[in-house]
Protein chains: 2
Amino acid sequence: MKPTIYDVAREAGVSIATVSKVLNNQRVGKKSKEKVLQAMKKLNYKPSVLASALTGKQTSTIGFLLPDLANPFIAEMARRVEDRAYERGYNLVICSTDFEPEKEAFYVSLLKQKSVDGFIIAGGFKNVEVVTELLEEQFPVVLLGESYPSLSINSVKVDDFMGGYEVTSFLTSLGHKKIAVIGEEASSSQERIKGYKQALRDQQLPVHEELIVISSQTNIESVERLAGKLLDLPEPPTAIFACNDILAIGVVLAARQRDRRIPDHLSIVGFDNTFLSRSSDPPLTTVQQPIQDLCFQAFDMLVEEIQGKSKLRQRVVLLPELVVRKSTSAPRKKS
Amino acid sequence: MKPTIYDVAREAGVSIATVSKVLNNQRVGKKSKEKVLQAMKKLNYKPSVLASALTGKQTSTIGFLLPDLANPFIAEMARRVEDRAYERGYNLVICSTDFEPEKEAFYVSLLKQKSVDGFIIAGGFKNVEVVTELLEEQFPVVLLGESYPSLSINSVKVDDFMGGYEVTSFLTSLGHKKIAVIGEEASSSQERIKGYKQALRDQQLPVHEELIVISSQTNIESVERLAGKLLDLPEPPTAIFACNDILAIGVVLAARQRDRRIPDHLSIVGFDNTFLSRSSDPPLTTVQQPIQDLCFQAFDMLVEEIQGKSKLRQRVVLLPELVVRKSTSAPRKKS
DNA sequence: TTGAAAGCGCTAACAG
DNA sequence: CTGTTAGCGCTTTCAA
């Protein structure tokens with residue numbers, strides 16, 4: 001059997017209270033402390049987190065909700081958050097929700113039963129009630145990569161509107177007039193699309209609703225299909241802004257299938273600057289998110305809330321940066 | 001405060017024992033059961049997993065060790081394992097070890113303190129002592145995507161040797177005689193390389209040690225550099241077998257930088273058939289792993305061991321499949 | 001400084 | 001079928 005605090009106490013010839021004290025390094029006589037330490041080492045004692053959490057201490061584990069761990073951008077975020085968690089002595093239990101409200105509710109409920117110290121919700125969510133409830137219960141939560149204007153909730157994200165605006169402005173500055181956009185359901189996509197529209201308006205260009213496409217599926221095949229429809233239009237766009245790099249890859253595949261040269265026949269811009277954008281041919285113009293900063297800040301914010309250090313809620317918005325590579329150029333004169 | 005079993009008992013007018021019994025659906029009088037259920041619903045009661053685990057029950061959480069969650073192939077595995085975990089009522093706490101023995105030891109120790117029910121170790125590990133110890137303690141563990149011949153441990157993986165053999169045979173059948181291989185430190189890479197060597201020998205082709213390269217870093221830049229060295233050899237290989245798709249992308253980048261056409265000047269084969277191999281240009285010939293089967297089987301095996309249903313250890317080996325795409329062709333006559 | 005003892009929320013005999 | 005009670009391993013008063 002695993003040694004318990006009793007075993008250590010017996011071995012050291014002290015009471016369990018004393019052992020507990022050295023565990024939590026409170027004031028203990030030097031000699032007792034020494035004996036206890038010895039005993040612990042001898043028995044290879046490790047305190048049970050369960051037992052200590054049951055008495056009100058924390059579990060040092062965080063629930064991490066995200067739409068889909070198989071998405072490379074999300075996976076990278078998860079990795080960064082985990083790095084920070086590691087540094088600060090926490091573990092992550094990771095849950096993919098697929099944007100399904102039931103899954104979100106299920107996971108939150110289960111993780112509460114498991115007494116996680118708090119939640120990070122990355123990449124958006126659907127079930128607002130669940131989050132609202134968490135907030136009402138004063139449960140520490142922070143949103144990563146998203147925000148929710150109508151909720152008083154901590155969040156860390158990039159300025160998506162601005163990202164979309166910059167991409168579109170860049171494209172119009174190259175001379176593109178017919179620019180399509182393809183996004184996801186997440187609110188971050190919506191923001192990017194708003195930025196896209198604003199940029200068009202600011203350039204006095206018309207906003208064509210049929211050039212705005214939302215992909216409900218994340219898998220690349222369906223994106224390819226959607227992009228294909230865009231390209232098969234009688235007057236196809238000369239540029240497509242994809243709201244993330246995966247979508248952009250889908251567009252690339254669709255273009256390739258139709259023998260449209262990139263960027264000669266079609267300019268493509270992605271978002272996120274994952275390594276997908278580098279490995280693609282041609283390498284993608286995209287928008288860089290400061291992933292590490294986003295993740296670290298989100299995590300630190302959560303820990304602050306857990307430790308009750310800061311009661312004030314905040315929305316942190318970092319700035320994205322356009323990375324110009326080879327997938328964009330001026331449109332061909334008169335196709 | 002969150003309601004406890006006492007609150008429910010009081011509300012229902014029964015003892016906590018009765019409540020506990022309905023919780024674990026043991027025999028309880030119909031009327032009592034009804035009252036308890038009502039009370040639970042009314043109070044919105046959710047039992048504490050901590051408390052029940054403290055009395056010897058399971059936590060239904062699994063420790064999932066992997067080298068790096070940011071690696072798309074690994075992330076996809078994680079996702080599949082998580083899917084299965086969800087179906088079976090488990091949670092995953094995910095830990096990236098970066099192949100660092102200290103991290104492996106740290107995480108295992110911490111997760112044991114948190115009373116996880118078992119471990120899945122995916123993609124290899126370095127710290128053999130830690131795993132051995134787990135085994136000695138009868139801790140449920142299964143290896144995913146790897147095996148460890150000298151250890152009596154459950155594992156589920158693909159036949160890496162065969163994968164390497166098939167790739168190489170395919171390449172020689174196209175006429176390649178000078179084939180390089182680039183792998184990682186993980187034992188799966190080693191196996192694939194063994195298969196590569198065997199295939200060469202079976203074709204009476206010489207094995208050049210300088211054409212066998214191990215990348216200690218996973219980041220794409222360093223792979224690119226290594227591949228570059230290979231390509232800059234006075235007599236460069238006409239084909240390169242990369243032990244996974246990321247490595248293959250690194251090779252593609254290196255080749256592109258040197259204006260070597262793929263597959264005309266250089267054939268490239270990857271491994272894993274992630275969507276990287278599809279999105280690359282040209283799409284990569286690669287080896288498909290039945291990821292879902294691997295993950296589900298591994299998880300089920302672990303659960304069986306946790307539930308004590310099967311005491312026998314097993315090594316499951318599934319068969320990989322070569323997927324031929326556009327990155328391979330016969331070598332040019334007399335470069 | 002140290003220790004006895006109560007209690008965290010739940011399970012599992014064991015009586016009744 | 002139901003309830004009493006003694007733990008599970010740890011923390012935390014409160015006395016000594």
Side-chain angles (χ1 to χ4, degrees), chain A residues 1-40 43-61 109-117 137 307, chain B residues 1-40 43-61 109-117 137 307:
Chain A
M1 273 310 285
K2 280 187 59 176
T4 73
I5 199 172
Y6 285 93
D7 301 317
V8 176
R10 193 177 322 116
E11 178 73 31
V14 299
S15 76
I16 60 166
T18 304
V19 177
S20 177
K21 277 169 190 136
V22 349
L23 239 30
N24 300 284
N25 47 94
Q26 300 168 11
R27 301 201 56 77
V28 177
K30 212 171 177 185
K31 299 179 86 170
S32 305
K33 182 166 183 177
E34 192 51 40
K35 283 190 292 182
V36 170
L37 259 15
Q38 293 275 332
M40 284 183 177
L43 300 178
N44 187 29
Y45 169 76
K46 306 280 180 198
S48 156
V49 173
L50 290 193
S52 95
L54 193 56
T55 72
K57 295 225 149 178
Q58 293 171 352
T59 54
S60 295
T61 104
S109 169
L110 187 53
L111 292 180
K112 286 202 303 200
Q113 289 190 48
K114 293 192 180 180
S115 306
V116 296
D117 296 336
E137 294 167 343
Q307 298 177 339
Chain B
M1 273 307 289
K2 281 188 58 176
T4 73
I5 199 172
Y6 285 93
D7 301 316
V8 176
R10 192 177 323 115
E11 178 72 31
V14 299
S15 76
I16 60 164
T18 304
V19 178
S20 176
K21 276 171 191 136
V22 349
L23 239 29
N24 300 283
N25 48 91
Q26 300 168 12
R27 301 202 58 77
V28 178
K30 212 170 177 185
K31 300 178 84 169
S32 307
K33 183 166 182 177
E34 193 51 40
K35 284 189 293 183
V36 170
L37 259 15
Q38 294 274 333
M40 284 181 178
L43 300 178
N44 187 27
Y45 168 77
K46 305 281 180 198
S48 155
V49 173
L50 291 191
S52 97
L54 194 57
T55 71
K57 293 229 151 176
Q58 295 172 354
T59 54
S60 295
T61 105
S109 170
L110 186 53
L111 293 180
K112 287 203 301 198
Q113 289 190 48
K114 293 192 179 178
S115 307
V116 297
D117 296 337
E137 294 167 341
Q307 298 178 338

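Quick caveat: nothing in here was measured; it's all calculated off a predicted structure. Just so it is clear: chains get the letters A, B, ... in the order the sequence lines come, proteins before strands, and each one is counted from 1.
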Evaluate A:Lys114 against A:Thr59 for side-chain contact (heavy atoms from CB on, under 4.5 Å), listing each step before the verdict.
CA-CA 9 Å; A:Lys114 293 192 180 180; A:Thr59 54; over 6 Å; no
Between B:Ser60 and B:Val49, is a side-chain contact (heavy atoms from CB on, under 4.5 Å) present by the stated rule, with each step listed?
CA-CA 9 Å; B:Ser60 295; B:Val49 173; over 6 Å; no
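When distances run from any side-chain atom of A:Ser15 to the nucleotides C:dC10, D:dC10, C:dG3, the shortest one goes to C:dG3. The side chain of A:Leu23 lies closest to D:dT11, out of D:dT11, D:dC8, C:dA12. Closest to the A:Tyr45 side chain, of the nucleotides C:dC10, D:dC10, D:dT12, is D:dC10. Taking only side-chain atoms of B:Ala17, from C-beta outward, the nucleotide of D:dT4, C:dG3, C:dT1 with the closest atom is D:dT4. Looking at the side chain of A:Leu54, the nearest of the listed nucleotides C:dG9, C:dG3, D:dC10 is C:dG9. Distance from the side chain of B:Ala51 is smallest to C:dG9 among D:dT12, C:dG9, D:dG9. Residue A:Ser20 has its side chain nearest to D:dT11 when only D:dT11, C:dA4, D:dG3 are considered. Checked against C:dG9, C:dA4, D:dC10, the side chain of A:Ser52 finds its nearest nucleotide in D:dC10. Closest to the side chain of B:Val28, out of C:dC10, D:dT2, C:dT2, is D:dT2. Of the candidates D:dC10, C:dA12, D:dT2, D:dC10 carries the atom nearest the A:Thr55 side chain, counting heavy atoms from C-beta on.
Taking atom CZ of A:Arg27 as the reference point, atom C1' of C:dG3 lies 17 Å away to the nearest angstrom. Rounded to whole Å, atom P of C:dC8 lies 15 Å from atom NZ of B:Lys2. Summarising the geometry, the separation between NZ on A:Lys46 and C1' on D:dG9 is reported as 17 Å, rounded to the nearest angstrom. The interatomic distance linking A:Arg10 (CZ) with C:dT2 (P) rounds to 20 Å, in whole Å. One interatomic measurement links the two molecules: CD of B:Gln26 to P of C:dT11, which rounds to 9 Å at whole-angstrom precision. Distance CD (A:Gln58) to C1' (D:dC10): 16 Å, rounded to an integer number of Å. For A:Asn24 and D:dG9, the CG to P distance is 17 Å, given to the nearest whole Å. Between the CG atom of B:Leu50 and the C1' atom of C:dC8 there is a distance of 10 Å, given to the nearest Å.
For the atom pair NZ of A:Lys2 and NZ of B:Lys112, the computed distance is 7.0 Å after rounding to the nearest 0.5 Å.
Using a 4.0 Å heavy-atom criterion, one finds that B:Ile16 contacts the bases of the nucleic acid, with or without backbone contacts as well. Within 4.0 Å of A:Thr4, counting heavy atoms only, lie sugar-phosphate atoms of the nucleic acid but no base atom.
Contact check, A:Ser32 against C:dT2: a side-chain N or O comes under 4.0 Å of OP1 or OP2.
For C:dG3, its base sits under 3.5 Å from the side chain of A:Lys21 at one donor and acceptor pair at least.
Summary of the strand contacts: A:Val14 and B:Tyr6 both lie near DNA chain C, and taking for each the nucleotide with the nearest heavy atom, the more 5' one is attributed to A:Val14. Place B:Lys30 and B:Gly56 on DNA chain D by their nearest nucleotides, and B:Lys30 ends up nearer the 5' end. Comparing B:Ile5 and A:Gly13 along DNA chain C, the residue whose closest nucleotide (by nearest heavy atom) sits nearer the 5' end is A:Gly13.
Under the side-chain contact (heavy atoms from CB on, under 4.5 Å) test applied with B:Leu37, the options B:Val8, B:Val22, B:Val19 reduce to a single match, B:Val22.
Between B:Val36 and B:Val28, the closest side-chain pair of non-hydrogen atoms is not below 4.5 Å. Side chains of B:Asn24 and B:Lys57 form a contact here, defined as non-hydrogen atoms less than 4.5 Å apart.
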